[in-house]
Trainee: 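For reference, the structure I am asking about is given below.
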Amino acid sequence: MTRSRAFLIVAIVVASTQSVSVRADDVPLNQLIDRHINATLAEQKLSAAEPAADAEFMRRVYLDLTGTIPGAKTARAFLKDSDTKKRTKLIVRLLASKDYATHMATEFDVLLMERRPDKYVTTPEWRTFLAESFGANKPLNVLVAEILGADGVDEKLRPAAKFYLDRAVAKDLLVRDIGRLFLGVDLQCAQCHDHPEIDDYLHQYYHGLSVFVAGSKTFKQPDGKFVLQEVVMREVEFASVFEPDKTNKTGPRLLNVLMEVPEVKEGEEYVEKPSRTVRSVPKFSLRKLLSERLPSKETPEFARAMANRLWAMLMGRGIVHPLDMHHSDNPPSHPELLNDLATRLSSSKYDVKAFLRELTLSASYQRSSFIPDGIDPETLPASSFAVANMKGLSPEQLFESLLVATQASAVLEHQIDEALSEEATEGAAKAAEKPDSKKPAAEEPDAEKIVEARRAKRAARVAEFVTMFGSVPGQPEGNFAASLPQALFLANSETVSGWVPAKLSNLTEQLTGLDDSTKIADELYLSVLSRMPDEAERTLVKEHLEAGKADRPKAVAAVVWSLLASAEFRLNH
Amino acid sequence: MAAEEIEPKYVPKPDGADPVATRLVAELKHDRGILACKYDPANQFLFAGARDYFVHRWDLGKEPVLEPPADPKKKPRYPPVPTAPADSRLEMAEHQSWVGGVSLFSDGDRMATGDFVGQLIVWIDRAGTPKPLFSFEAHKGSIRKVAVSPDGKLVASVGNDGAVRVWQTDAAGKLHQEMLGHDCHVYHVAFHPDGKSLVSADLKGVVKHWDVESGKLVREIDASLLHTYSVKYEVDVGGIRGMTFNADGSLLACAGATGEDKGIAHSGDARVLLFDWESGGLLKALRHEKKEVCTAWGVQFHPDGFIIASGGSRTGGFLWFWKPEEEVAFHRLKFRQRAPGFDVDLAPDRKTLAVADHDGTVRLYEMAAEENVETPEESVKT
Amino acid sequence: MKYDPACNSNAHLVSRRSMLGNMVAGAAGVGALGQLIHPLVAREIEAKNKQVLIFLLNGGLSQFESFDPKPNTDTGGPFRSIPTAVPGTHFCELMPYTAQIADKLAVVRSVYAERVPGSHGGAREYVVTGRPPQQGPYPWIGPVYSRLLAANEDLPGNIHITPSRWGPRQDAAFLGPRHASLVLSGGKPPLNVDRPDLFNEELDDTRYRLRQLADQRFSQRRRTAYTEAYQSSYDQAAQLIRQKELFDVTKESEKDQLRYGSHDMGRHCLLARRLLQKGVTCVKVTHNNYDSHMENFNFHLEQLGEFDQPFATLMQDLKESGQLDHTLVMLVTEFGRTPVIQPDNGRDHYQDSWSVVLGGCGIQTGGVLGATNDNGTEIANRPVHVGEMFHTYMQAVGLDPTATHLVGGNNVPIGAPERSAVKELLI
């Protein structure tokens with residue numbers, strides 16, 4: 001085993017953080033990141049971990065950019081590749097892949113909807129919209145503007161209205177979530193008075209933000225579809241619960257910035273006046289104003305909040321942490337870095353791919369998760385980014401990675417087919433019991449329906465993982481946590497344990513077919529942990545297989561499972 | 001809507017009741033929710049059970065009637081209520097719980113009442129100084145309803161112990177027949193006008209037809225439309241809340257609510273099921289034109305041929321009026337108070353209705369237009 | 001303008017005044033941070049081997065139809081009151097069996113709380129954490145007992161027997177999923193407790209051993225908080241799979257199965273007895289359907305009809321076996337129900353006063369604490385806040401509610417610091 005040596009960051013960069021921030025627009029962002037991080041490490045005399053080995057980097061970047069581990073073949077090819085630019089090339093390739101778009105759609109769905117149950121816009125529609133946006137690298141401000149300006153009427157942008165519609169356009173919920181997700185401020189406790197603990201969060205901020213959405217509510221179209229409508233709203237009155245008699249007013253406000261609302265003649269406020277049968281549309285829409293002003297340079301909090309979120313997604317922790325607690329009593333761990341990240345994000349026209357490319361290219365991202373030799377981990381806080389912060393796999397990452405590792409796509413398909421045919425049999429039996437049933441006894445299977453049924457069944461399997469490993473609906477995903485029900489699920493559930501035994505050319509079956517225990521160990525570790533085993537591990541596999549030679553497929557299955565259930569697999573490290 | 005206005009919703013019979021013109025004419029005040037009300041056939045008294053331990057009697061002759069407004073053009077949507085009603089109410093104390101069952105003998109003298117802890121009382125001198133003839137524990141747990149046979153010789157009681165018991169009325173606790181078979185709370189009971197048959201109805205929407213003489217089960221009528229099993233909460237919801245025969249006994253009406261599984265905190269939609277007595281077949285499931293998330297509690301047949309039900313929920317209280325051949329109500333009156341009418345009874349004059357209201361008032365409504373007023377009372381249409 | 005506050009201002013007044021600079025306001029943030037958790041425990045010697053049995057009557061038990069009857073009043077409902085084993089104390093007639101064991105109970109008739117956001121969920125959280133939910137998330141009481149009392153590492157510290165269709169809840173907050181309730185939905189064994197056909201017992205041991213070896217290797221020179229938690233979850237799983245019969249109530253005698261009744265509540269109470277006998281530290285039994293906005297009287301008749309006998313039987317059995325001496329019994333509900341009888345014969349939520357019942361370990365039983373007025377509209381004597389009850393639940397089993405959990409380097413008081421235990425209830 002190679003022993004990494006501590007990398008004491010000497011002042012190769014100028015020790016003063018002041019001089020780091022000297023604007024050098026031609027300096028690539030990845031270098032800027034490293035300058036800031038290293039400067040702070042040097043200043044605090046902290047040791048940093050060695051650069052991650054190829055395997056460690058590869059697994060991490062696959063999980064972070066595509067939501068799954070690499071397959072064995074891909075992994076082998078990368079590890080063998082002697083091109084010195086192979087990491088950069090991999091990053092570029094992954095960012096261009098379809099998996100990137102799908103993964104970002106999942107991440108942003110979970111981020112923006114927090115696993116709320118579907119109400120008016122389905123998750124597949126919404127994820128398709130997000131995947132198309134990230135695939136085409138739609139500027140983040142444009143995407144957010146589409147979401148905040150959505151009314152659900154325009155068919156093309158209808159999925160974007162999920163943010164409003166599936167929160168039932170509930171004002172207080174929207175104010176809180178718009179603040180948290182897009183501005184990085186949780187204003188909930190400023191609803192009734194100035195925030196009791198955070199001096200920066202003023203009562204008027206809450207109500208100023210609420211003006212934008214206070215006039216909006218759902219409208220049921222004649223075709224049964226729910227969309228948004230808006231009545232004219234200029235300001236709201238509010239009073240602190242501490243001084244209930246003193247009424248204040250505010251117009252639409254993004255934190256400290258009060259917006260102008262154009263005067264409209266009385267009686268001429270509407271394109272469509274409010275009525276029970278027609279969707280009311282004001283001439284001046286505050287939601288439109290919000291969508292124009294929030295995700296823009298005029299609201300610098302937006303770029304800061306988004307840069308911090310994207311950073312946290314990859315680095316396991318925000319520069320401001322918690323992510324929705326941007327305020328002066330909770331300063332960023334690296335203020336200059338956050339400034340630069342936010343500036344670059346906005347000056348690059350909110351180019352997410354470019355941002356993630358630079359982040360993943362940085363040495364800070366590419367650090368190992370091994371603590372340097374002889375260093376007490378307690379001295380290297382997560383906020384120092386001296387060592388790669390480990391992250392638990394999300395429910396979706398875990399599902400996809402288990403499937404890739406076990407090479408069980410065919411098994412899953414078989415499981416799905418069995419479930420579908422079982423349902424069909426049950427359905428037929430029920431239909432037979434009820435002879436008066438109007439449905440024809442044997443319906444012709446329709447190709448489209450079958451595809452949809454399979455998609456739904458697969459989604460249901462993923463949903464099992466979400467229930468077991470995800471946060472509760474309406475709550476942001478927390479950090480890694482382990483529980484007994486999760487362990488039982490990974491150990492014994494039909495979904496997982498069904499993928500392990502030798503079947504349909506899955507990993508266990510392939511390994512059982514190999515005769516040499518070294519080959520088995522290599523293929524096993526590469527498939528499950530995306531790395532080669534060391535000698536000790538090869539020996540372990542050999543001894544285990546010898547002990548279990550009476551029933552070789554089972555012995556293989558046991559060792560396959562042991563790696564799937566290992567912390568190394570469960571974590572993104 | 002305009003097309004409907006041209007054709008009258010209901011054409012009153014000559015000298016008959018005009019349900020579309022139904023209007024509030026008097027309020028009999030009390031301070032506890034009224035659960036049951038019955039007109040004395042002589043039209044002198046109204047008897048009621050309430051959420052207290054009394055049987056109540058009002059002297060209708062002494063209660064003021066609402067005056068029609070001086071200027072009919074400025075008629076308020078709801079007429080004013082007399083500010084100081086005469087209190088003619090008499091309290092009869094004997095029960096040990098709420099009184100939900102009240103049934104009058106046709107002899108003008110006796111009355112049977114049942115309470116929520118199973119006590120059955122037969123009263124005498126109901127028009128004078130009422131006193132119990134006898135009283136006894138007829139059920140373990142609540143009595144939900146009582147019914148006196150047409151000849152006055154029997155009184156039937158039903159309750160939470162699942163039993164239907166028919167008692168002789170000459171002495172305490174003389175059981176004529178006990179009919180067992182319901183597997184849940186029994187909510188309602190009624191004698192067929194011929195006196196030979198008895199129906200009992202339960203939480204699960206099962207109506208059992210019994211032979212009074214032998215006590216044997218004749219058949220079951222399926223009113224399970226008025227029952228929902230909530231899968232989520234694993235409970236039975238609903239039940240038959242009101243039940244009555246028409247005068248010749250050819251029709252049976254069961255009131256309640258039907259609906260999807262909404263758990264224990266939401267009602268289904270008000271329904272009155274109309275059955276053909278001979279065949280036991282469902283003729284119509286009577287409803288309002290729109291979904292009415294509430295329960296129909298009381299139901300009556302009017303001799304003019306229409307059907308009346310009272311009901312509601314905390315969001316509103318209603319009287320509905322149907323023609324037996326039409327599923328959708330031709331008229332609905334929305335109460336001023338947001339509370340259901342738990343029972344409805346028709347006065348001997350065939351034009352006045354008494355409604356037992358949750359808010360502690362019995363309200364009297366007249367199904368006739370005010371005199372000297374050209375347009376009929378405007379009532380809420382939806 | 002009128003708005004529905006998402007946070008309770010009184011709570012902030014309290015928290016601002018007494019806890020500025022303290023960790024409490026940031027407890028939620030800490031949970032989200034997922035920082036290293038080293039709960040520093042005020043674990044006291046005498047608290048060892050104490051057990052707790054919690055009944056949660058879910059939806060909001062009506063105090064009128066249970067422990068604080070007001071017959072023949074405008075609010076009282078149709079049911080009578082009946083005498084109990086404690087002279088002078090009456091319960092509603094819907095609880096005849098419980099009335100007979102009233103001498104083993106302490107009834108608090110004057111519990112109250114402020115209104116908090118989140119309806120049932122919020123109010124329930126207030127009751128089982130002693131903190132208003134908007135300050136949270138704080139760990140529920142079961143996880144707290146699991147953390148502070150559980151001595152037996154082989155058993156889950158905190159098991160929750162629920163009606164079917166209940167999923168697991170994340171109720172351990174910063175104590176971590178290790179202490180989260182193990183849910184027995186519908187009284188059935190936990191999901192996935194049966195090992196797949198592929199692995200017999202021997203091979204099962206092998207795969208767990210191999211797994212552990214892999215983790216040991218991985219955690220060398222890595223931060224260990226995650227790997228330790230992960231290892232511990234598999235240790236628990238391996239143990240549990242070996243003790244499946246723990247959940248099998250049919251292993252109890254037929255006579256006992258008859259005594260408890262064949263309905264779910266009966267089975268669940270017998271299962272609770274079994275789990276306590278086997279040494280599980282905290283067992284919670286949830287009974288549903290008390291949220292009687294409609295037909296309050298019908299539903300309480302049904303539900304208490306199910307609850308009353310098995311509850312009393314279990315209390316009796318615990319007394320006879322001597323377990324009651326070291327087992328705290330709590331009968332809680334998220335709030336009471338309104339004195340006013342609603343148009344649909346229902347009662348709505350009421351946080352101004354309701355009843356909580358305690359028994360067993362550390363509790364002064366055979367009496368009533370506090371009182372409501374004649375028709376139960378307000379507390380007439382000795383108001384007891386839910387936060388005080390939480391302290392009492394801790395102190396009854398010998399835990400110090402004023403001690404702290406250490407979360408990410410910060411001290412978080414176990415009970416709300418502005419409250420204290422109800423002395424009158426404690427021995």
Side-chain angles (χ1 to χ4, degrees), chain A residues 4 172 176 188-189 191-193 196-197 236-238 241-242 321-322 325 369-371 373 377 382 387 390 392 467 471-472 476 478-489 491-494 497 500-501 536-537 540 544 548 554-555 557-559 561-563 565-568 570-571 573, chain C residues 1 3-7 9 12-13 15-16 20 25-26 29 31-35 134 156 167-170 176-178 180 182-183 190-196 198-199 203 206-211 213-215 217-219 221-224 226-227 229-234 236-237 240-241:
Chain A
S4 59
D172 292 324
R176 183 169 186 217
Q188 172 163 304
C189 290
Q191 183 180 357
C192 315
H193 41 73
E197 276 106 20
V236 295
E237 277 185 15
F238 61 98
V241 291
F242 303 135
H321 207 87
M325 282 287 158
S369 60
F370 281 111
I371 306 280
D373 250 355
V387 177
M390 293 195 282
T467 310
S471 63
V472 286
N479 253 341
F480 175 76
S483 72
L484 170 60
Q486 291 174 357
L488 288 170
F489 178 81
N492 300 336
S493 74
E494 190 238 333
S497 68
V500 176
E537 286 164 337
L540 184 72
H544 167 69
K554 279 195 177 177
V559 71
W561 180 84
S562 75
L563 294 191
S566 70
E568 186 170 353
R570 181 70 184 83
L571 298 169
H573 46 84
Chain C
M1 71 179 280
Y3 41 79
D4 180 24
C7 78
S9 54
H12 281 315
L13 279 177
S15 79
R16 174 150 215 177
L20 267 185
L33 274 167
Q35 287 189 347
Q134 62 274 24
R169 307 281 153 114
Q170 293 175 350
R178 168 84 172 78
L182 178 68
V183 174
L191 289 175
N192 303 312
V193 81
D194 292 311
R195 70 170 69 89
L198 181 66
F199 302 116
L203 200 55
T206 308
R207 64 168 175 152
Y208 281 94
R209 189 177 50 79
L210 289 170
R211 203 208 69 76
L213 286 173
D215 271 16
R217 189 194 172 282
F218 176 75
S219 49
R221 293 178 43 234
R222 278 195 171 92
R223 290 193 174 110
T224 51
Y226 288 174
T227 45
Y230 200 53
Q231 177 62 46
S232 148
S233 71
Y234 279 98
Q236 279 190 306
L240 199 68
I241 291 163

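A, B, ... follow the sequence lines: proteins, then strands. Residue 1 opens every chain.
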Trainee: When rounded to the nearest 0.5 angstrom, what is the spacing between CZ in C/Arg195 and OG in A/Ser497?
Mentor: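 Separation between the atoms: 12.5 Å.
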Trainee: Based on non-hydrogen pairs under 4.5 Å, which of C/Pro196, C/Ser219, C/Ala229, C/Pro190 is most in contact with chain A?
Mentor: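 Answer, by heavy-atom pair count under 4.5 Å with chain A: C/Pro196.
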Trainee: For a 4.5 angstrom cut-off between non-hydrogen side-chain atoms, does A/Leu563 reach C/Leu210?
Mentor: no
Trainee: Against chain A, label C/Leu198 side chain, backbone, both or neither, depending on which of its atoms sit under 4.5 Å from a heavy atom there.
Mentor: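 Looking at C/Leu198, backbone and side chain both touch chain A.
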Trainee: Tell me, out of C/Asp194, C/Thr206, C/Leu213, who's got the most heavy-atom pairs with chain A below 4.5 Å.
Mentor: C/Asp194
Trainee: Between A/Ser566, A/Ala555, A/Pro377, A/Ala382, which has the largest tally of heavy atom pairs under 4.5 Å with chain C?
Mentor: A/Ser566
Trainee: Relative to chain C, which of A/Met325, A/His544, A/His573 shows the most heavy atom pairs under 4.5 Å?
Mentor: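 Result: the option with the highest number of such pairs is A/His573.
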Trainee: Rounded to the nearest 0.5 Å, how far apart are CG of C/Asn192 and CD of A/Glu494?
Mentor: 10.0 Å
Trainee: Taking side chain as everything from C-beta outward and backbone as N, CA, C, O, which of these in C/Tyr230 sits under 4.5 Å from a heavy atom of chain A? Side chain, backbone, both or neither.
Mentor: both
Trainee: Can you give me the closest heavy-atom contact between C/Tyr234 and A/Ala565, atom names plus distance?
Mentor: OH-CB, 3.4 Å
Trainee: At their closest point, which heavy atom of A/Leu571 faces which heavy atom of C/Tyr226, and how far apart are they?
Mentor: CD2-CD1, 3.8 Å
Trainee: Can you name the closest pair of heavy atoms from A/Leu488 and C/Ala237 and give their distance?
Mentor: CD2-CB, 3.9 Å
Trainee: If you tally heavy-atom pairs under 4.5 Å against chain C, which of A/Gly392, A/Ala491, A/Ala481, A/Pro476 wins?
Mentor: A/Ala491
Trainee: Can you name the closest pair of heavy atoms from A/Ile371 and C/Arg223 and give their distance?
Mentor: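 Heavy-atom minimum between the residues: CD1-CG, 3.9 Å.
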Trainee: Which pair of non-hydrogen atoms, one from A/Met390 and one from C/Arg222, has the smallest distance, and what is that distance?
Mentor: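 Answer, listing the atom of A/Met390 first, then C/Arg222: SD-CD, 3.9 Å.
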Trainee: Taking all heavy atoms of A/Lys554 and all of C/Phe199, pick out the closest pair and write down the distance.
Mentor: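 Taking A/Lys554 first and C/Phe199 second, the nearest heavy atoms are O-CE2, 4.4 Å.
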Trainee: Quick check on A/Gln486 against chain C: is it the side chain, the backbone, both or neither that has a heavy atom closer than 4.5 Å?
Mentor: neither
